[in-house]
Amino acid sequence: MALLDSTSAAPSLPAAGPRIVPAHSIRRRKRLERLTYGAATLGLAIGPHTGFWPAHLGAALVGAISVRHLWRGWDGEPLGWNLLKTAQRISPVLTGSGAYLAPLAIPGSPWWEWLLAPAWGAAMTYTTPLTHSADLTPEQFTLALPALAPAPPAELQAPASYPAHRTAQWDLARTTGTTRLTSVTQYTDPAGQPVQDFWGIVIAEAGEAVPDLNANTLAAVFDLPPGTVELHLIQGSGPGRKLLTAKPTLQGLEQSKDPIQRLWDEKLARPGGPTHGMVLDGYKADANRIALRISAPDDQLIQLNQKLIARALKISDLTLVMVETDGLGDGLISLYKEHPLLNVREATADDLTMAPDGTIALGQQPDGRIGRVPLYDPQMGAITDLYVGAPGAGKSVTLLHVIAAERLSGVVSIVADAQDGMSLPEVDGRVYHFGKGIAATAATLAAANDLGKYREEISAQNGWGSFEIGQPWPLVNVTLDELNRILSADAVVPRAFRKWVTGLVGDTQATGRKLGLGIRFAAQSIHLADLGDKDRIRANAKNGTVWLGRTNSSTTQHMARDGVLPPGVELAPIPRYFGVGGSAIDAAFHGKEAQHGPITAGMANIINGGSLYVNRTWFARKENKTYPHLIKLMESRPVPHLTEQEVVIFGLSYQRWLAFAEALLAGEDSEEGVNGAMGAERAVVDQQRHLWENPDDGEAEGASSGTIKDRILDLLADGQPWPLKDVRKHLDDVSPASVNNAMAELRGEGHVTAVSRGTYQIVN
């Protein structure tokens, strides 16, 4: 007893404390052990009364092995810890072997033999010695060994760490069921010191959901004040995983925290939130806007998802959440109470006058800044622009502002509208050149291409490697509207015509930068590959403007991915109406008609110089199907013109290519049709050469043209539609170009109308 009373008894105790396992695991092990005892009880009751000698031999062998194992567990001490633990583990096998062999040693079948097996099974089931031996502590033997210092109960032992302590509390609680608390992370106070607050992830068994525990139950698990422990759903995860937050000390601090800082901490930057891991560098707020300046850690790229941010803040109108990033580590989140671009003012002459850096003010950004786009880049030269928008997106009004700015800034505007001039009627007679129709659009592009070749030839002769406005030529910008009528996959034009125009596009935009010849493509939807050399288009678009108004989602995303959008920047499509969000879903749920806000015409994502911003074009009031304010701005300055030599070059080129285009459109999509178009173009060239060499014949030719028009009217007098090629066949004594020009004049005077492409009918 002296040995037991001394402190030297400590070495016989286990070096480590009990192994803590979840309560449900202990219960599962007990059930399994008891089922095993039940099956063994049946064998012990029946086996000894049979003549199956292998079972008898096996029972004896098991008993012998048990005795040997018990002997090896004795470590030399009378009642050593290892011996007691081994005895508890071996007791079911050793006593069971004895209960089997005892009836074999006694002849006959006394009554106690039948009672022995059930008694053994009941004792083992009640005590479950195997389960208890797995977590045996010295305290269980204090009655037998009063000198041994009892170990504290498992639930009172100091945990290895703070996360382990909180995890153990969760496992020992009955209300938590079979769920587990993982990833426990301790919060720190504003000074950076750890506090008792923490967060963790609660995980349920496979196929089960984490139960919805009320505030009192959650607080009781950790012995914290009610209301300080909460469970939250995790974005992108199912109900089998939930976020647990416990803030007994920080909650008071957060209540007194700045509301914007609380918004960031609780909604956006929380674990699993849309900006988790990002850093809030600063913020500012006014009556309608909250701006959050965000940065990413040094080893990360910034990631700001507009939709996830709106969802976390429960904002149903996505247009009230705007995100800007530099694609690397800096970003800006703008939250608006009301959309800031609902009302924008009209443009002024100062807005649309080109600044020294080549830009104009095209509209307003959501944060109140002016949205500027370039007409010209003093460093790079002429630029390539791309304007894409569905009907009603405000593309035409935006182009009118740009063209008005060119006239106010002394830039020569060469414009063509493939929709017969209906998209841009205001520019007719107010720019240097306006081509109306598909043929005129192609001829305008071809004439501009010839103008560029002339400038290229003169520049090469003089050794010029760049362009300066007015030295010696003015800046020229070519605007081609509704180009999808020619280049899109569903355009109803001959393949040879589309191929010709595509080649002109690639050639013009490739050489125009150093020649002061910019080009602007506008369409409802178009693929960059349709614009000739798409790699060069992408490169030039980064120097010019890509205006992406409201369009279908697939087109918008493709345009964004096709090399003009900065890496890592998300592009938000423009909706048709302001204020569209949860209201549409509510209306659908209640079977009512959704109430839309004003249309978003003029709203666009603008990619300019590698950066992306949202802009709305200046307001334009429509009266009598035109925009009088824009007309007034254009007419406040004279129309800029080409140089005298360029006027001749562009005019002659346009005439011959118009004849070629009309003939190519009217002819068959075959080699014969192409040859016919080339013949029409050569006829105009021959006619121009003749007039150049014989200027006195110009008046006679004019009289002849009048005769040609009379003959055409005679042919169309029956009121039936006539294809242009049939008209040329009946006037085979007249050059095809003269017939084309006469028909164009008759159409312009209102005597004939085009019932389809290349087919005309007299107007009664």
Side-chain angles (χ1 to χ4, degrees), residues 341 344-389 393-415 424 426-427 430-432 467-470 474-481 512-513 516-522 540-549 601-620 627 629-640:
L341 298 181
V344 293
R345 60 177 175 82
E346 289 186 327
T348 65
D350 290 339
D351 292 327
L352 302 183
T353 300
M354 187 168 62
D357 63 353
T359 64
I360 62 167
L362 185 58
Q364 180 180 320
Q365 300 184 51
D367 57 7
R369 290 178 296 167
I370 298 299
R372 304 193 69 86
V373 297
L375 297 180
Y376 173 73
D377 189 331
Q379 301 297 322
M380 302 297 296
I383 57 179
T384 298
D385 293 340
L386 181 61
Y387 285 67
V388 179
K395 172 176 59 67
S396 296
V397 174
T398 302
L399 288 176
L400 286 175
H401 279 89
V402 175
I403 294 170
E406 289 176 346
R407 177 164 173 173
L408 292 171
S409 305
V411 179
V412 177
S413 294
I414 294 177
V415 185
L424 302 170
E426 292 81 3
V427 306
R430 297 182 178 92
V431 294
Y432 172 73
F467 171 81
E468 293 183 22
I469 297 178
L475 174 65
V476 178
N477 280 339
V478 181
T479 301
L480 305 174
D481 195 14
R513 182 174 65 84
L517 182 64
I519 188 167
R520 182 179 301 113
F521 307 105
N540 289 340
K542 292 178 181 179
N543 297 322
T545 300
V546 178
W547 188 92
L548 293 175
M603 284 272 293
N605 288 295
I606 294 183
I607 305 171
N608 192 351
S611 63
L612 170 69
Y613 62 91
V614 177
N615 183 80
R616 192 177 191 193
T617 304
W618 302 120
F619 173 71
Y627 297 96
H629 178 66
L630 292 175
I631 293 175
K632 181 179 179 181
L633 285 176
M634 283 189 280
E635 293 180 347
S636 65
R637 304 283 175 84
V639 176

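For the pair K632 and E346, the salt-bridge criterion is not met [side-chain N within less than 4.0 Å of a carboxylate O]. Of the charged side-chain nitrogens involved, at least one lies within less than 4.0 Å of a carboxylate oxygen, so that K395 and D481 count as a salt-bridged pair.
Taking A361 as the reference, D351, I370, R372, W618 meet the side chain to side chain contact (heavy atoms under 4.5 Å, CB included) condition, with sequence neighbours excluded.
Side-chain contact between N477 and I519: absent, with no pair of heavy atoms (C-beta onward) separated by less than 4.5 Å. You'll find the side chain of I403 stays beyond 4.5 Å of the side chain of E426, heavy atoms only. The shortest distance between side-chain heavy atoms of Y432 and V476 does not fall below 4.5 Å. Contact of the V427 side chain with the S413 side chain is not registered, since no non-hydrogen atoms from C-beta on lie closer than 4.5 Å. Between V411 and P474 there is no side-chain heavy-atom pair separated by less than 4.5 Å. Here the side chains of V415 and E406 are not in contact, with every heavy-atom distance at 4.5 Å or above. Between R407 and V431 there is no side-chain heavy-atom pair separated by less than 4.5 Å.
Among all heavy-atom pairs drawn from V402 and L362, the shortest one is CG2-CD1, 4.0 Å. Nearest heavy-atom pair, G371 versus N615, reported as atom, atom and distance to 0.1 Å: CA-OD1, 3.3 Å. Scanning all heavy atoms of the two residues, the minimum distance from L408 to S636 falls at CD2-OG, 3.3 Å. Contact detail for W547 and G602: the closest heavy-atom pair is CZ2-O, 4.1 Å. Between R616 and A601, the shortest heavy-atom distance links the atoms NE-O, 3.0 Å.
Between F467 and Y376, the ring planes lie perpendicular to each other; the angle is over 60°, past the 30° to 60° tilted range.
Defined by atom type and a distance below 3.5 Å, a donor-acceptor pair is missing between the side-chain atoms of T348 and D350.
Annotation: the span from L517 atom CG to I383 atom CD1 amounts to 12.0 Å, rounded to 0.5 Å.
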